[in-house]
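Note sheet for the following structure.
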Amino acid sequence: MTADLTRLLAAARIVPVLTVPDPTTAAPLARALAEGGARCAEVTLRTPDAEQVVKAMADRGDLVVGAGTVLTAEQAERAVAAGARFVVSPGVDHEVISRCRELGVPVLPGVATSTEVMSALRAGLDTVKLFPAEPLGGTAMLRALAAPFPGVRFVPTGGIDAAALPGYLNEPSVLAVGGSWMAAPALLASGDCAEIRRLTADAVERSMP
């Protein structure tokens, strides 16, 4: 991970994780997140038009936009071409990591075990996504996994909500926390940008020391 993204995540502390089915909602969504105080966002490649969403949000310039749920090197290429400034994968895939390195784009692989952390370290990465954080055991699992790897920083995502956010951010090994509660599917479907803005602002406030 580049120093620039590390600094961004450390400053942002929260990463809205977005699954956006309708690309026409991307611009107002980006505006609502930015007005709520978010500095970056992850758009998952789980919908047919996800690359259009990445492009629409990246073109605005309100946020540093990354692509999530990147499973292949080809997906990484397309996401970067659409404007993604970083790539997030649910697991450690060395082809994805290598292609991102060739593209000059930071990559954040997902881990759930110590073996996967070691695999990421062998690839030259010291910042990883803990996924899915809550089903794995939450902060207790995070502490257990972080203990043998004092130089590794974690970005936990998966099942985290506003109430759990401070507990994760209080962990010394945590760089930032990803979550979808700020722009949940029901809010995206209804186009409730005011509530998205409010929840984002609340998350930003909860993330402050």
Side-chain angles (χ1 to χ4, degrees), residues 5-21 25 28-44 46-47 53 57 62-66 68-69 86 88-91 108-114 116-117 127-147 149 152-209:
L5 184 59
T6 300
R7 284 194 292 269
L8 171 70
L9 292 174
R13 300 290 275 163
I14 60 164
V15 182
V17 180
L18 316 169
T19 301
V20 185
T25 65
L29 171 59
R31 182 170 61 250
L33 293 170
E35 289 176 353
R39 301 188 186 192
C40 61
E42 173 192 334
V43 176
T44 67
R46 298 184 184 184
T47 61
V53 175
M57 294 183 69
D62 296 318
L63 302 163
V64 175
V65 180
T69 321
F86 61 95
V88 184
S89 179
L108 187 68
V111 302
T113 67
S114 56
E116 292 165 344
V117 175
T127 302
V128 295
K129 175 174 82 164
L130 177 64
F131 177 80
E134 282 291 284
L136 284 172
T139 54
M141 174 61 177
L142 174 69
R143 286 191 291 272
L145 195 56
F149 305 106
V152 173
R153 304 297 300 278
F154 293 86
V155 180
T157 72
I160 300 171
D161 59 16
L165 177 64
Y168 281 96
L169 290 175
N170 284 336
E171 295 296 326
S173 64
V174 169
L175 189 64
V177 173
S180 60
W181 77 90
M182 293 158 275
L187 295 175
L188 293 174
S190 65
D192 193 346
C193 286
E195 181 65 2
I196 291 171
R197 186 185 306 112
R198 186 192 72 79
L199 289 172
T200 304
D202 175 72
V204 170
E205 184 175 355
R206 288 172 183 263
S207 71
M208 292 180 179

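- The side-chain heavy atoms of M57 and L18, taken from C-beta on, include a pair separated by under 4.5 Å.
- Applying the salt bridge (charged side-chain N to carboxylate O under 4.0 Å, His left out) test to pairs two or more places apart or on separate chains, those with a residue in residues 160-172 are R143-E171.
- Summarising the geometry, atom CD1 belonging to I196 is positioned 8.0 Å from atom CG belonging to L199; distances are rounded to the nearest 0.5 Å.
- Every side-chain hydrogen bond (donor to acceptor under 3.5 Å, both in side chains) that T44 has, sequence neighbours left out, goes to T19.
- Between A12 and S207, the shortest heavy-atom distance links the atoms O-OG, 4.4 Å.
- Residues L175 and F154 are not in side-chain contact: their nearest non-hydrogen atoms beyond the backbone lie 4.5 Å or more apart.
- With sequence neighbours excluded, no residue forms a side-chain hydrogen bond (donor to acceptor under 3.5 Å, both in side chains) with R13.
- Note that CD of E195 is 9.5 Å distant from OG1 of T200, once rounded to the nearest 0.5 Å.
- Closest heavy-atom contact between V15 and C40: CG2-SG, 3.9 Å.
- Nearest heavy atom pair, residue R39 against residue A11, reads NH1-CB, 3.2 Å.
- Smallest separation of non-hydrogen atoms from T157 and G178: CG2-CA, 3.4 Å.
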_Working note: I14 + M182, criterion side chain to side chain contact (heavy atoms under 4.5 Å, CB included); need CA distance, chi angles, decisive distance, verdict._
CA-CA 10 Å; I14 60 164; M182 293 158 275; 3.9 Å; yes

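- Residues A176 and P156 share a closest heavy-atom pair of O-CD, 3.1 Å.
- Summarising the geometry of P166 relative to A163, their closest heavy-atom pair is CD-O, 3.5 Å, with the distance given to 0.1 Å.
- A salt bridge links D202 to R206: at least one charged side-chain nitrogen sits closer than 4.0 Å to a carboxylate oxygen.
- Rounding to the nearest 0.5 Å gives a distance of 10.5 Å between CZ of F131 and CD1 of I160.
- Distance CG/L145 to CG/L136: 8.5 Å, rounded to 0.5 Å.
- In this structure, the side chains of L142 and V174 come closer than 4.5 Å at one or more pairs of heavy atoms.
- Taken from CE in M141 to OG1 in T113, the straight-line distance is 7.5 Å, to the nearest 0.5 Å.
- Side-chain contact between L108 and F86: absent, with no pair of heavy atoms (C-beta onward) separated by less than 4.5 Å.
- T47 places a side-chain N or O within donor-acceptor distance of the main-chain N or O of V20, the cut-off being under 3.5 Å.
- Two residues are said to be in side-chain contact when any heavy atoms from C-beta on lie closer than 4.5 Å; L33 and D62 fail this criterion.
- Between E116 and V128 there is no side-chain heavy-atom pair separated by less than 4.5 Å.
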